[in-house]
Amino acid sequence: MKKQIKSMLLCMGAVLLFISGCKKEDSHDSPCAQSVVDYNPKTDGTGSSEAATDVPAKWYALAIKLSRTTPNQGAGPIISRTFGYIGLALYESVVPGIPKYQSIQKQLNSLPALPQVQCGEKYFFPACANTALAAMVHHMFGNTSATQNFTIDSLENSFNVLFKSVVPDYVFNRSTSFGAAISTAIYKWSVSDGGDQAYLNPYPTYTIPVGPGLWIPLPGQAAQLPFWGNNRTFIKEDANVQPAAPPAYSLETTSQFYKEELEVYNESINQNPEHRAIALYWAALPPPDVSISILSSVLASKNAGLFLSAEAYCKVGIATADAMISCYKTKYIYNQERPVTFIRANLDPAWAPLIPTPPFPDYTSAHSQQTGAVARVLADIFGNNTTFTDNSINDLGFTPRTYTKFSDYANEVGLSRIYGGIHIRSSNFIGLAQGDIIGTHVSALRFKKN
């Protein structure tokens, strides 16, 4: 396998990317005009396309693994933030090698100027990406174990050994220096967003409002990340993406609120086996992990190169990060009670939902909102009518699920939370719409030059 990858890299190394010829009109974005040779031709028959995507694909697979094995890193808001910064670092570390693309630094929320490439010098962008991703994974998983830190270092070194065998030292060193500089700058920006090292205390002191229809934590629960909605978003206007108020609390059987709670209860009685399977499937992993896994699957199926992968991971990362901030702001504005509280008090005191009720309010659904944002971004990149298979939880014994539209996947995620007994309908489908707005904002970022 190593010999095969090395052969691929030799093809990549034969056409190193060049940064050359300064131009005044490009000074808003890079001090250099770009004269780039595509190192990833799709017609050479060598499999170099697979090698080009190997760097981000393996780093994201490791990040998902770390989110599942490192304390508190699997919380949806925390891992979504991680994917946001990792994706941005990946994109900014390779964008100087994409002739028609530009940095998005000035379009993001208070991101300072980023390091620039040196005019007229050669860069090997897989090495830039590898260094940037390794550094960001170390930064974002600051509480992982010594064993996992060794795993991070080993992955970085395995790529470096291969790269150094096909790239001159001066190109390799310049490339890794640029990747490191990008990751340092982006991490420095990240620490001021309000979510830095939240994994150390995801349940800060919070006074829970009391009143009819308001959220009541279950025994042993505390409010998870109640101030997350105050965090800085990647896109400034995403901080203001907020829906109308949820259906008003009511015990009137004709009210929308009562009908939606009753729907959840009725769904749980003699439940359709397919509905049960859907609920359990989408509850198995944090939604950002699944979103990234789906993106990786789509990129692999399309034999995408490093540059398309970098753009896609960046967009999906920003979408899921900002969606979670917007969602948690909504949750702690309205503090809507969960179905388990309403149903036990008014319909069936012995009732239990199919899946565990998480420690935060109902409205809106975090699963739904981040999936709505990601589905919008994926549809805008690849087209909504894209067939894909999700294999993210095969190792947990689940059968992979296949979809022909990104919108179908998002709709199923929304329904899954009703089937699981933890959200009423409005929380899911207003959440999907809320996420769609954020995804639209992400797609509106100008990655391409004018």
(request) Carefully, step by step, assess Thr69 and Gln148 under the rule side-chain hydrogen bond (donor to acceptor under 3.5 Å, both in side chains). (result) CA-CA 9 Å; Thr69 56; Gln148 296 292 21; 3.2 Å; yes

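- Asp153 has its side chain within reach of His138: a pair of non-hydrogen atoms, C-beta onward, lies under 4.5 Å apart.
- Aromatic ring centres of Tyr313 and Tyr60 lie closer together than 6.0 Å.
- Trp189 places a side-chain heavy atom less than 4.5 Å from the side chain of Leu88.
- Here the closest heavy-atom approach between residue Leu432 and residue Asn411 is recorded as CD1-CA, 4.3 Å.
- Taken to the nearest 0.5 Å, the OG1 atom of Thr330 stands 10.0 Å off from the CD1 atom of Ile430.
- Geometrically, Lys331 does not engage Tyr363 in a cation-pi contact, judged by NZ or CZ lying under 6.0 Å from the ring centre and within 45° of the ring axis.
- Ser175 contributes no side-chain N or O that, together with a main-chain N or O of Cys128, makes up a donor-acceptor pair within less than 3.5 Å.
- Checking side-chain atoms of Thr341 against main-chain N and O of Glu337 turns up no donor-acceptor pair under 3.5 Å.
- Between Phe163 and Phe124 the shortest side-chain heavy-atom distance falls below 4.5 Å.
- For an aromatic pair to be called close, the ring centres must be under 6.0 Å apart, and Tyr101 with Phe447 fails this.
- Between the Thr184 side chain and the Ala181 main chain, no donor and acceptor come within less than 3.5 Å of each other.
- Looking only at distances, no side-chain donor or acceptor of Asn428 sits under 3.5 Å from a matching main-chain atom of Leu415.
- Between Met324 and Leu225 the shortest side-chain heavy-atom distance does not fall below 4.5 Å.
- Between the CG atom in Leu354 and the CD1 atom in Ile418 there is a gap of 13.5 Å [rounded to 0.5 Å].
- Heavy atoms of other residues, nucleotides or ligands lying less than 6.0 angstrom from CZ of Arg401 number more than 12.
- With 3.5 Å as the limit, one finds no donor-acceptor pair spanning the side chains of Ser67 and Gln73.
- In this structure, Ser192 contributes its side chain and Lys188 its backbone to no donor-acceptor pair below 3.5 Å.
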(request) Give the C-alpha distance, both sets of side-chain angles, the deciding distance and a yes or no for side-chain contact (heavy atoms from CB on, under 4.5 Å) between Lys449 and Gln102. (result) CA-CA 6 Å; Lys449 294 178 179 177; Gln102 64 184 355; 3.9 Å; yes

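- You'll find the ring centres of Phe227 and Tyr332 outside the 6.0 Å limit.
- Under a 3.5 Å cut-off, the side chain of Glu263 and the backbone N or O of Arg425 do not form any donor-acceptor pair.
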(message) With side-chain contact (heavy atoms from CB on, under 4.5 Å) as the criterion, how do Val95 and Phe125 come out once you've worked through the C-alpha distance, each side chain's angles and the decisive distance to 0.1 Å?
(response) CA-CA 9 Å; Val95 70; Phe125 288 97; over 6 Å; no

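- In terms of modelled atom types and a separation under 3.5 Å, the side chain of Asn72 and the main chain of Tyr199 share a donor-acceptor contact.
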(message) Could you go through Trp228 and Ile325, starting from their C-alpha distance and side-chain angles, then the distance that decides it, and tell me whether this counts as side-chain contact (heavy atoms from CB on, under 4.5 Å)?
(response) CA-CA 6 Å; Trp228 197 261; Ile325 293 172; 3.6 Å; yes

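- Judged purely by atom type and a 3.5 angstrom limit, Gln221 uses its side chain to pair as donor or acceptor with the backbone of Leu218.
- The two atoms that bring Ser190 and Arg81 nearest to each other are O-NH2, 3.0 Å, heavy atoms only.
- Residues Glu260 and Pro247 share a closest heavy-atom pair of OE2-CG, 4.1 Å.
- Screening Tyr409, Phe398, Tyr419 against Trp282 for a ring-ring contact (aromatic ring centres under 6.0 Å, His included) leaves a single residue, Tyr409.
- With a 4.5 Å cut-off on side-chain heavy atoms, Lys302 and Phe382 count as touching.
- For Ala223 against Tyr206, the heavy-atom pair with the smallest separation is CB-CD2, 3.6 Å.
- Side chain to side chain, Thr233 and Asp322 fail the donor-acceptor criterion of an N or O pair below 3.5 Å.
- Under 4.0 Å is where a charged nitrogen must lie from a carboxylate oxygen, and between Glu311 and Lys315 at least one such pair does.
- For Asp193 against Asp196, the heavy-atom pair with the smallest separation is OD1-N, 3.5 Å.
- With hydrogens and angles ignored, the 3.5 Å screen pairs no side-chain donor or acceptor of Asp362 with any backbone N or O of Gln336.
- In this structure, Cys314 and Ile104 have side chains that are in contact, with non-hydrogen atoms separated by less than 4.5 Å.
- Exactly one of Tyr85, Phe83, Tyr91 qualifies for a ring-ring contact (aromatic ring centres under 6.0 Å, His included) with Phe234. That residue is Tyr85.
- Contact of the Ser427 side chain with the Ile424 side chain is registered, since non-hydrogen atoms from C-beta on lie closer than 4.5 Å.
- Taking 4.5 Å as the limit, some side-chain heavy atom of Trp351 sits within range of a side-chain heavy atom of Val264.
- For Phe342 and Tyr265, the distance between ring centers is not under 6.0 angstrom.
- With values rounded to the nearest 0.5 angstrom, His423 atom NE2 is found 3.5 Å from Ser365 atom OG.
- One N or O on the side chain of Thr151 and one on the backbone of Thr147 form a donor-acceptor pair closer than 3.5 Å.
- Checking Thr144 against Thr70 by side-chain atom types alone, a donor-acceptor pair falls below 3.5 Å.
- Rounded to the nearest 0.5 angstrom, Gln434 CD and Thr364 OG1 are separated by 4.0 Å.
- Note that CZ of Phe388 and CG of Leu295 are 10.5 Å apart. Values are rounded to the nearest 0.5 Å.
- A salt bridge links Asp436 to Arg376: one of the charged nitrogens lies within less than 4.0 Å of a carboxylate oxygen.
- A donor-acceptor contact under 3.5 angstrom links the side chains of Tyr403 and Glu412, judged on distance only.
- A side-chain N or O of Gln369 and one of Ser326 form a donor-acceptor pair less than 3.5 Å apart.
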(message) Before you tell me yes or no, could you show the steps for Tyr203 and Gln224 under side-chain contact (heavy atoms from CB on, under 4.5 Å), namely the whole-Å CA-CA distance, both residues' side-chain angles and the distance that decides it to 0.1 Å?
(response) CA-CA 5 Å; Tyr203 303 98; Gln224 183 190 78; 3.5 Å; yes

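- A salt bridge links Asp395 and Arg68; the closest N-O separation between the charged side-chain nitrogens and carboxylate oxygens is under 4.0 Å.
- One finds the CD1 atom of Ile152 at 5.0 Å from the CG atom of Asn149 (value rounded to the nearest 0.5 Å).
- Aromatic pair Tyr328/Phe360: centroids less than 6.0 angstrom apart.
- Between Pro287 and His367, the closest heavy-atom pair is CD-CE1, 3.4 Å.
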(request) Could you walk me through whether Gln370 and Ser80 pass the side-chain hydrogen bond (donor to acceptor under 3.5 Å, both in side chains) test, one step at a time? (result) CA-CA 9 Å; Gln370 81 86 42; Ser80 71; over 6 Å; no

(request) Step by step, work out the side-chain hydrogen bond (donor to acceptor under 3.5 Å, both in side chains) result for His441 and Glu237. (result) CA-CA 8 Å; His441 289 169; Glu237 55 263 41; 4.7 Å; no

